[in-house]
Amino acid sequence: MIPIVMPAEIQPAAQAHTNRLAHEKSPYLLQHAHNPVDWYPWGEEAFEKARRENKPIFLSIGYSTCHWCHVMAHESFEDDGTAAIMNREFVNIKVDREERPDVDRVYMTFVQATTGGGGWPMSVWLTPDLKPFVGGTYFPPEDRYGQPGFKKVLERIATAWKQDHQKIVENGSKIMDALRESQSAQPEVAAKIDNEVLQTAYEQLARSFDPKEGGFGTAPKFPRPVALNFLTRFYAHNPKTESGKHALEMSLFTLRKMAAGGTHDPLGGGFHRYSVDRYWHVPHFEKMLYDQAQLASAYLDAFQITQERQDADVARDILDYVARDMTSNGGGFFSAEDADSLFEHGKPEHGEGAFYVWTEKQIDETLGNDSEIFKFHYGVQPHGNAPEGSDPQNEFQGKNILIQRYPLAETAKHFKKSEDEVRQSLTRGRAKLLSIRNKRPRPHLDDKIIAAWNGLMISAYARAAQIFDERKYLDAAARAADFLRKNLYDAKNKVLFRSFRKGRGNVEGFADDYAFVIQGLLDLYEASFDIEWLKFALELQQIQDRLFFDEKAGGYFSTSGKDKSLVLRMKDDNDSAEPAASSIAALNLLRLAQFRSDKQVDERARKTIGAFAPTVNHFASAMPQLLVGLDFSLSKPRQIVIAGKIDGDETRALLKEIHQQFIPNKVVILADGGEGQKFLGETNEAIRAMSMVDGKPAAYVCENLTCKAPVTDTKALNRLLAGE
């Protein structure tokens, strides 16, 4: 087993050394505050030292719940001999990629361009003027895994710098010029995006789909909710075609396989980051907020389409996990839980997944009469159940990662019991094991509150409030939005900040912070009909446009351009673990245009989508979330206006009818005669005149503000929504 170090907040480091990171707020930087390495945070103090002493910079980028970041820290950054070389030859800078995604993005682009891969920890060597010249990811302390040892790499780079640093500087400049040119390439004038791109993206995803285990590609297997978002909307656009039906099958099959797999935590809820195998069995055990938010939304979509309890149950267990374990007292959502933890309180031994895995003996002793049913259903084996090849370090030998081996009906049949009896037995078993697990040392919690990720989570809770019609979900969304407005938004200077931990951070928000929060606020308005959330969304949209929009070519830069230490200003052109800012912004703008009947906003959305024509025409499935916006722009989106008081039973019945159905390309508006209707009526003339019919709440279903006759009962509304 590779030795790993636990985060400082779990296992106190020997504090023989203290460096400048001790003054930072980031949990990741604080984990390295007592390394013998003379670390600097990203900033002018470090840059000036490098220029003054003509030393190269060693830049190390990671995050607090990153397993291999812990490994490299333990092997190299805590080692006095390695630190001595680093301190003598380099100016050493640590960056939390979650706090500074802008810095991470620039140098990840370089590493990927020069090595063909990337990941964290990221290790990059820069000239004193911040141009990269050598890059990589994890380096072992000695030669192994086909990689040179870290000390050897340090010595070689130091020697090369001393012998010919001028040539290195020139090469660094050439590399940056090439990267800058690739980033500033203009969209092809003739490039258009149309319906064919949607079909192409579907076909690309279908080719990489795993029909046996779900998901796309082989091991390691990532959830990629952005692809599922596209597939469900492709289905909604083409529900009767073979490709539309297959798109839905791929999405539902993937969601069901993931829910049954070891990447899903059946005891505490929520999902781990990814699966190291193709079966969704052995996860990388960290839990990230952005995964919980996007997957909860994907399962909510599935439930709207299928009306099947299993999809609703998974969405609820994600939301309940976040409410219980990842929510601050003030309502903001924390960033992540680590993969690693101590095996026992008071003992130094630790490992990945220690909090989550079980021996057969532990399950037998805890569950008693319920043990056999539980072991059968969750695939528990005497010698552990990790598939061959998925545990190269033998970390899970003799351990079981709970995975639903059989459907409930099959387990019931095997034991000759009713499904209800088996369900009760499994529920008792999970509760007992969770109680035991809660006494174990918990994984480290990264308690940063990041604006962008909170925006995604607000969306998930707001949509759950609509679909389940439950107040607790609406309250969670509203509390988080209120937390962001009070703690991360400077209303006087019109600036959203990136993160909060023991006070607001100093880093101003990036394009994705604005886009994801705006999306959350739009969803929150549609769940609560509190017009203040829509007004706040409009205010943030104006700021995002001013700071990040590319007036010439369209789309949103990731950064505002204010920070001159960034050697590249980039636009994200890939929807990966998190969607690109422009992808979310395009749909936000399209929705805002519908709310406000604003053609200029609609044109900005279309210009944003058009900016990525070269990308999606070349590789359509690279930006599936952008294609969600494209689908909206190519359709006839509906404005569904409910005229009535929000607290009335008949009004709520009409809203419930809307939210039971999967209608992605719509906005829902309340016309209650109050401030909200007055505000929307300022620019949307049709809404001004909408009112109840014969004293009853009424639903107006409109396309391009041309409305059908209002209806007052749910059956008539159902027929209207179905297009009858």
Side-chain angles (χ1 to χ4, degrees), residues 195-217 221-261 263-264 271 278 280 294-316 318 407 459-460 463-464 466-468 575 579 583 587 616 620-638 657-666 718 721-724:
N195 261 320
E196 287 183 23
V197 171
L198 304 178
Q199 181 69 26
T200 302
Y202 154 73
E203 289 169 1
Q204 288 174 356
L205 289 167
R207 281 197 293 274
S208 65
F209 178 64
D210 181 345
K212 289 187 176 178
E213 302 299 335
F216 304 93
K221 196 172 274 184
F222 292 82
R224 207 174 178 220
V226 288
L228 305 178
N229 293 345
F230 165 72
L231 289 171
T232 49
R233 283 148 184 83
F234 183 82
Y235 155 75
H237 200 89
N238 312 275
K240 294 180 180 175
T241 66
E242 287 306 309
S243 55
K245 291 173 186 173
H246 185 231
L248 179 61
E249 286 167 13
M250 287 193 289
S251 183
L252 293 179
F253 187 68
T254 296
L255 289 167
R256 269 65 182 283
K257 280 288 189 179
M258 285 172 54
T263 48
H264 178 218
F271 279 81
R278 63 175 290 204
W280 305 106
Q294 293 180 90
L295 285 170
S297 288
Y299 281 97
L300 289 167
D301 287 346
F303 175 63
Q304 278 187 309
I305 294 166
T306 67
Q307 293 297 307
E308 291 188 20
R309 174 179 168 175
Q310 59 183 316
D311 300 314
D313 286 349
V314 181
R316 286 179 186 280
I318 296 170
S459 284
R463 293 198 58 235
Q466 290 178 316
I467 293 163
F468 298 141
D575 295 318
S583 298
L587 187 56
V616 296
S621 60
M623 298 191 76
Q625 191 65 43
L626 185 80
L627 299 185
V628 169
L630 174 65
D631 179 65
F632 192 108
S633 74
L634 294 174
S635 69
K636 292 179 179 175
R638 293 171 171 179
E657 188 62 41
I658 296 165
H659 298 317
Q660 276 184 336
Q661 301 189 37
F662 184 63
I663 311 167
N665 296 338
K666 70 177 188 309
N718 184 291
L721 295 174
E724 295 175 14

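What you see below is based on every heavy atom in this structure, not just the backbone, and it leaves out hydrogens, waters and symmetry mates.
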Study note, to complete from the structure: Closest non-hydrogen atoms of Pro239 and Ala236, given as atom of the first, atom of the second and distance, are CD-O, 3.4 Å
Exercise for review: Measure up the His246 and Tyr202 rings against each other and bin them: parallel (under 30°), tilted (30 to 60°), perpendicular (over 60°).
Suggested key: perpendicular
Review point. What are the two closest non-hydrogen atoms of Met623 and Ser583, and how far apart are they?
Key: CE-OG, 3.5 Å
Check your understanding: Taking it one step at a time, do Leu630 and Phe230 satisfy side-chain contact (heavy atoms from CB on, under 4.5 Å)?
Key -> CA-CA 10 Å; Leu630 174 65; Phe230 165 72; over 6 Å; no
Point to revise | Over all atoms of both residues, closest heavy-atom pair of Ala206 and Met250 | key: CA-SD, 3.7 Å
Exercise for review: Ignoring hydrogens and angles, tell me if any N or O in the side chain of Gln660 forms a donor-acceptor pair with the backbone of Gln307 under 3.5 Å.
Suggested key: no
Study note, to complete from the structure: Minimal heavy-atom distance between Ala296 and Ile318, with the atoms involved, is N-CD1, 3.6 Å
**Study point:** From CG (Leu198) to CD (Glu196), nearest 0.5 Å
**Key:** 10.0 Å
Point to revise | Distance, nearest 0.5 Å, that separates CG of Asp210 from CZ of Phe253 | key: 7.5 Å
Point to revise | Straight-line distance of Thr200 OG1 to Asn195 CG, nearest 0.5 Å | key: 10.5 Å
Review point. Does Phe222 have any ring-ring contact (aromatic ring centres under 6.0 Å, His included) partners at least two apart in sequence or in another chain, and if so, which?
Key: Tyr274
Review point. CZ of Arg463 to OG of Ser297: how many Å apart, nearest 0.5 Å?
Key: 5.0 Å
Revision key, fill the gap. Closest heavy-atom pair, Ala247 versus Phe234, reported as atoms and distance to 0.1 Å, is CB-CD2, 3.7 Å
Review point. Looking at CD of Gln294 and CZ of Phe271, how far apart are the two atoms once the value is rounded to the nearest 0.5 Å?
Key: 13.0 Å
Point to revise | Note, Gln310 side chain near Val314 side chain (heavy atom, < 4.5 Å) | key: no
Review point. Between Ser621 (side chain) and Ala201 (backbone), is there a donor-acceptor pair under 3.5 Å?
Key: no
Exercise for review: Determine whether Pro223 and Leu295 make a side-chain contact, defined as any pair of heavy atoms from C-beta on separated by less than 4.5 Å.
Suggested key: yes
Point to revise | Met258 side chain reached by Tyr299 side chain, heavy atoms, under 4.5 Å | key: yes
Practice item. Taking Gln304 for its side chain and Gln661 for its backbone only, find out whether a donor-acceptor pair lies under 3.5 Å. Key: yes
Review point. Has the side chain of Asp631 got a donor or acceptor atom that lies under 3.5 Å from a matching backbone atom of Leu627?
Key: no
Practice item. Just grab all the side chain to side chain donor-acceptor pair (under 3.5 Å) pairs involving residues 222-235, residues at least two apart or on different chains. Key: Asn229-Gln625, Arg233-Asp301
Review point. Any donor and acceptor pair, going by atom type alone, linking the side chain of Trp280 with main-chain N or O of Glu213 inside 3.5 Å?
Key: yes
Check your understanding: Which atom names give the shortest non-hydrogen contact between Ala298 and Leu255, and what distance separates them?
Key -> O-CD1, 3.8 Å
Check your understanding: Taking only residues two or more places apart in sequence, or in another chain, which ones meet Glu308 in a salt bridge (charged side-chain N to carboxylate O under 4.0 Å, His left out)?
Key -> Arg256
**Study point:** Option passing side-chain contact (heavy atoms from CB on, under 4.5 Å) with Leu248 (candidates Thr306, Ile305, Leu231)
**Key:** Ile305
Review point. Just how far is it from atom NE2 of His659 to atom CG of Leu300, taken to the nearest 0.5 Å?
Key: 12.0 Å
Review point. Taking the side chain from Asn238 and the backbone from Ser243, do they hold a donor-acceptor pair closer than 3.5 Å?
Key: no
